[in-house]
Amino acid sequence: QYTQEEAASGSGIIVGKTDDELLIVSNNHVVESADTLTVTFIDGSEAQAQVKGLDSDMDLAVIAVSLNDLSDDTKNAITVATLGSSDDLKLGEPVIAIGNALGYGQSVTKGIVSALDREVTLQNDDGSTISNKLIQTDAAINPGNSGGALLNMNGEVIGINAAKYSDTSVEGIGYAIPISQAKDIISDLMTKTTKVAVDENEQGYLGIQLQNIDSQMAQAYGMPEGIYVYKIVAGGAASRSDLRERDIITKFDGEKVKNGDDLKKMLTYYKAGSTVTMTVQSLENGKYVERNVQITLGSKSDMPQSQDSQNESRSESQASPQRKLGR
């Protein structure tokens, strides 16, 4: 097996500005698998960005750009978007979609609100699915538009473009996350500590063997979705904590994690010696009970020599059903 890095593009909306950072909202699926993030502004200038917070259930992400990395001209040209309300939208109301279609740079398309509260199920790259009630529009939304703004005629953001229906027999069906549903989540993500990847030699280790519990397995076996702790490795950080074998990890330091890849990604931001809180579901008296477990992360040197990785997954990849919705 081998992996090959490739570049991908998406869109974002400037939603906040602090003394030190510019805050941008996008889709979780745009940024979640990225090793590096580069933001290109309308004046052509570029700056590196870091993840602030992610919410996979609503497919939202907030990233941060240091103001020190921006020129005065760029900073003077920046305006924080005005977030409107999606609660008062009416069918047939005109809307405008702005985004980085096909990665070619900013483009604008127009359309109308075609439907409201449309129940849409999207499939992620890892095979998991999320279902939300979205705004349907016939404004053209193409690859690269994800995370961009859906605006009303007052220039207010009323949705975040997230997906399109892709089929040879279908035309003009795109979807956006209603801003009224997203506002509180965005505000919470903006308060998170900016995540900066640490050197691989300094990264913290848990020392567990795991199995992913996806939605299908959760339904079949009556278990919560998350990361099943199959085994705690002797001498690892987890063995010195209150984490138990058969626990199911659902959050890491307040961030939702659904599988081993999510957990591995989160650990790249934490040094050995850091103390974090994990939310787990523990089986007690035949029922799963949520509890918080504090763990001081270990280092790679703590691990047995035969264990080279952060964790060992005992789950096999499952074939994903054909994707009808492209993002």
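Every value quoted in this text rests on a predicted model; they were computed, and no experiment measured them. For the numbers below, each heavy atom of this structure counts, side chains included, while hydrogens, waters and symmetry mates do not.
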Undergrad: In the single-linkage hydrophobic clustering (I, L, V, M, F, W, Y; side-chain heavy atoms under 4.5 Å), do M153 and V157 co-cluster?
TA: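 Yes, it is one cluster - the side chains of M153 and V157 are joined through contacts under 4.5 Å.
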
Undergrad: Mark yes or no for whether N27, through its side chain, and H29, through its backbone, hold a donor-acceptor pair below 3.5 Å.
TA: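 Side chain of N27 to backbone of H29, a donor-acceptor pair under 3.5 Å: no, none is there.
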
Undergrad: Using links of under 4.5 Å between side-chain heavy atoms of ILVMFWY residues, direct or through other members, which residues join I158 in one cluster?
TA: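 I158 clusters with L89, L91, V95, V113, L116, I135, L150.
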
Undergrad: If you take all heavy atoms of A238 and G207, which pair is closest and at what distance?
TA: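 Closest approach of A238 to G207, heavy atoms only: CB-O, 4.0 Å.
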
Undergrad: Any donor-acceptor pair under 3.5 Å linking the side chain of Q181 with the backbone of P178?
TA: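 Absent.
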
Undergrad: Between Q203 and T268, is there a side-chain heavy-atom distance shorter than 4.5 Å?
TA: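 Sidechains of Q203 and T268: in contact.
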
Undergrad: Supply the atom-to-atom distance L206 CG to M278 CE, rounded to the nearest 0.5 angstrom.
TA: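 Taking CG in L206 and CE in M278, the distance rounds to 5.0 Å.
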
Undergrad: Looking at every heavy atom in both A47 and V65, which two are closest together, and how far apart are they?
TA: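 Scanning both residues, the minimum pair turns out to be CB-CG1, 3.7 Å.
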
Undergrad: Let's go through M266 and V276 carefully: what are the C-alpha distance in whole Å and the side-chain angles of both, what is the deciding distance for side-chain contact (heavy atoms from CB on, under 4.5 Å) to 0.1 Å, and is it a yes or a no?
TA: CA-CA 11 Å; M266 287 295 296; V276 297; over 6 Å; no

Undergrad: How about S56 and E32: does a side-chain donor come under 3.5 Å of a side-chain acceptor?
TA: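 No, no side-chain donor-acceptor pair sits under 3.5 Å.
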
Undergrad: Does any part of the side chain of N259, heavy atoms only, come nearer than 4.5 Å to the side chain of D214, both counted from C-beta?
TA: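 No. Closest side-chain heavy atoms not under 4.5 Å.
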
Undergrad: I'd like to know if the side chain of R240 reaches the main chain of G235, judged simply by a donor and an acceptor atom lying under 3.5 Å from each other, with no hydrogens or angles considered.
TA: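 At least one qualifying donor-acceptor pair exists.
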
Undergrad: Distance-only, no hydrogens or angles: does the N154 side chain make a donor-acceptor pair with backbone N or O of E156 under 3.5 Å?
TA: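 Judged by distance alone, no pair lies under 3.5 Å.
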
Undergrad: Show the nearest heavy-atom pair for residues Y288 and G222, with the distance to one decimal.
TA: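 Shortest heavy-atom separation between Y288 and G222 comes out as CE1-O, 3.9 Å.
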
Undergrad: Check for a donor-acceptor pair, side chain of S180 on one end and backbone N or O of S86 on the other, with a separation under 3.5 Å.
TA: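 Flag set: sc S180 to bb S86 pair under 3.5 Å.
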
Undergrad: Evaluate the side-chain contact (heavy atoms from CB on, under 4.5 Å) criterion for residues F41 and L70: first the C-alpha distance (whole Å), next the side-chain angles of each, then the deciding distance (0.1 Å), finally the verdict.
TA: CA-CA 10 Å; F41 295 92; L70 303 180; 3.5 Å; yes

Undergrad: Crowded around K231 NZ? As in, over 12 foreign heavy atoms under 6.0 Å?
TA: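 No, NZ of K231 has 12 or fewer neighbouring heavy atoms, counting only those of other groups under 6.0 Å.
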
Undergrad: Hey, does L67 have a side-chain heavy atom less than 4.5 Å from the side chain of K17?
TA: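 Result yes, sub-4.5 Å side-chain heavy-atom pair found.
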
Undergrad: Got N132 and Y175 here, is their nearest side-chain heavy-atom distance under 4.5 Å?
TA: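 The answer is no, as the side chains (C-beta and beyond) never meet within the 4.5 Å cut-off.
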
Undergrad: Is the side chain of T279 donor-acceptor paired with the backbone N or O of T250 at a distance under 3.5 Å, no angle test?
TA: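 Judged by distance alone, no pair lies under 3.5 Å.
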
Undergrad: Working to the nearest 0.5 angstrom, can you tell me the gap between K75 NZ and S45 OG?
TA: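 Answer for the NZ-OG pair, K75 versus S45, is 11.5 Å.
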
Undergrad: Nearest heavy-atom pair of L60 and I185: which atoms, and what distance?
TA: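 Here L60 and I185 meet closest at CD1-CG2, 3.8 Å.
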
Undergrad: How many angstroms lie between CD1 in I63 and CD1 in I24, if you round to the nearest 0.5 Å?
TA: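 So the CD1 of I63 and the CD1 of I24 are separated by 4.5 Å.
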
Undergrad: Are any side-chain N or O atoms of N28 and backbone N or O atoms of M58, one a donor and one an acceptor, separated by less than 3.5 Å?
TA: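 Not confirmed, N28 side chain does not pair with M58 backbone.
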
Undergrad: Which atom names give the shortest non-hydrogen contact between V293 and S241, and what distance separates them?
TA: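 In terms of heavy atoms, the two residues are closest at CG1-OG, 4.2 Å.
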
Undergrad: Is the shortest side-chain heavy-atom distance between Y228 and I248 below 4.5 Å?
TA: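 Yes - at least one pair of side-chain heavy atoms lies under 4.5 Å apart.
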
Undergrad: Inspect the surroundings of CZ in R246 and state if more than 12 heavy atoms from other residues, nucleotides or ligands are less than 6.0 Å away.
TA: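 Counting neighbours around CZ of R246, 12 or fewer heavy atoms of other residues, nucleotides or ligands fall under 6.0 Å, so no.
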
Undergrad: Can you confirm whether the side chains of T38 and Q48 place a donor and an acceptor under 3.5 Å from each other?
TA: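 Present: a donor and an acceptor within the cut-off.
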
Undergrad: As an exercise, state the distance from OH of Y230 to CG of N212, rounded to the nearest 0.5 Å.
TA: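 Reported value, rounded in 0.5 Å steps: 14.5 Å.
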
Undergrad: How about E200: does its CD atom have over 12 heavy atoms from other parts shown lying under 6.0 Å from it?
TA: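 12 or below, so no.
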
Undergrad: Donor-acceptor pair, D262 side chain versus K258 backbone, under 3.5 Å?
TA: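 Yes, the answer is positive, given that a donor and an acceptor are paired below the 3.5 Å cut-off.
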
Undergrad: Check for a donor-acceptor pair, side chain of N100 on one end and backbone N or O of G105 on the other, with a separation under 3.5 Å.
TA: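 Present.
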
Undergrad: The test is side-chain contact (heavy atoms from CB on, under 4.5 Å); show your working for I208 and L263 and say whether it passes.
TA: CA-CA 11 Å; I208 61 172; L263 182 61; 4.2 Å; yes

Undergrad: Apply side-chain contact (heavy atoms from CB on, under 4.5 Å) to residues I173 and Q136 and explain how you reach the verdict.
TA: CA-CA 7 Å; I173 297 182; Q136 181 181 321; 4.0 Å; yes

Undergrad: Above 12 or not: heavy atoms from other molecules or residues under 6.0 Å from CD of Q219?
TA: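 No.
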
Undergrad: Specify the closest pair of heavy atoms between G147 and S26, including all atoms of both residues, with the distance to one decimal.
TA: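 Scanning both residues, the minimum pair turns out to be CA-OG, 3.7 Å.
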
Undergrad: Any side-chain donor-acceptor pair under 3.5 Å between D43 and T74?
TA: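 Note: D43 and T74 side chains meet the donor-acceptor criterion.
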
Undergrad: Check for me, please, whether V39 and L102 land in the same ILVMFWY cluster - side-chain distances under 4.5 Å, paths through other members count.
TA: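 Different hydrophobic clusters.
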
Undergrad: If hydrophobic clusters are built by linking Ile, Leu, Val, Met, Phe, Trp and Tyr wherever their side-chain heavy atoms come under 4.5 Å apart, do L134 and I141 end up in the same one?
TA: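 L134 does not cluster with I141.
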
Undergrad: With a 3.5 Å cut-off and no angle check, do the side chains of D253 and Y270 form a donor-acceptor pair?
TA: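 Note: D253 and Y270 side chains meet the donor-acceptor criterion.
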
Undergrad: Is the backbone N or O of D199 less than 3.5 Å from a side-chain atom of K271, with the two atoms forming a donor-acceptor pair by type?
TA: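 Here the side-chain-to-backbone pair does not exist.
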
Undergrad: If you group Ile, Leu, Val, Met, Phe, Trp and Tyr by side-chain heavy-atom gaps below 4.5 Å, do I112 and V108 land in one group?
TA: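 No, separate clusters.
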
Undergrad: Mind checking whether L297 and L267 have side chains closer than 4.5 Å, heavy atoms only?
TA: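 Yes, close enough: below the 4.5 Å cut-off.
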
Undergrad: Regarding S71 and D73, do their side chains bring together a donor and an acceptor under 3.5 Å, going by distance alone?
TA: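 Side-chain D/A pair, S71 to D73: absent.
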
Undergrad: Roughly how far, to the nearest 0.5 Å, is the OG1 atom of T275 from the CD1 atom of I295?
TA: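 Reported value, rounded in 0.5 Å steps: 10.0 Å.
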
Undergrad: For the hydrophobic clusters of this structure (ILVMFWY residues joined by side-chain heavy atoms under 4.5 Å, transitively), does one cluster hold both V198 and V196?
TA: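 In one cluster with V198: V196, no.
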
Undergrad: Is any side-chain heavy atom of I179 closer than 4.5 Å to a side-chain heavy atom of I160?
TA: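 Yes, close enough: below the 4.5 Å cut-off.
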
Undergrad: Any side-chain donor-acceptor pair under 3.5 Å between N145 and S11?
TA: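 Looking only at side-chain atoms, S11 and N145 do not form any donor-acceptor pair under 3.5 Å.
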
Undergrad: So do D261 and K265 actually touch side chain to side chain, heavy atoms under 4.5 Å?
TA: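 No; the side chains remain at least 4.5 Å from each other.
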
Undergrad: What's the spacing between K52 NZ and K192 NZ if we round to 0.5 Å?
TA: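 The NZ atom of K192 is 11.0 Å from NZ of K52, to the nearest 0.5 Å.
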
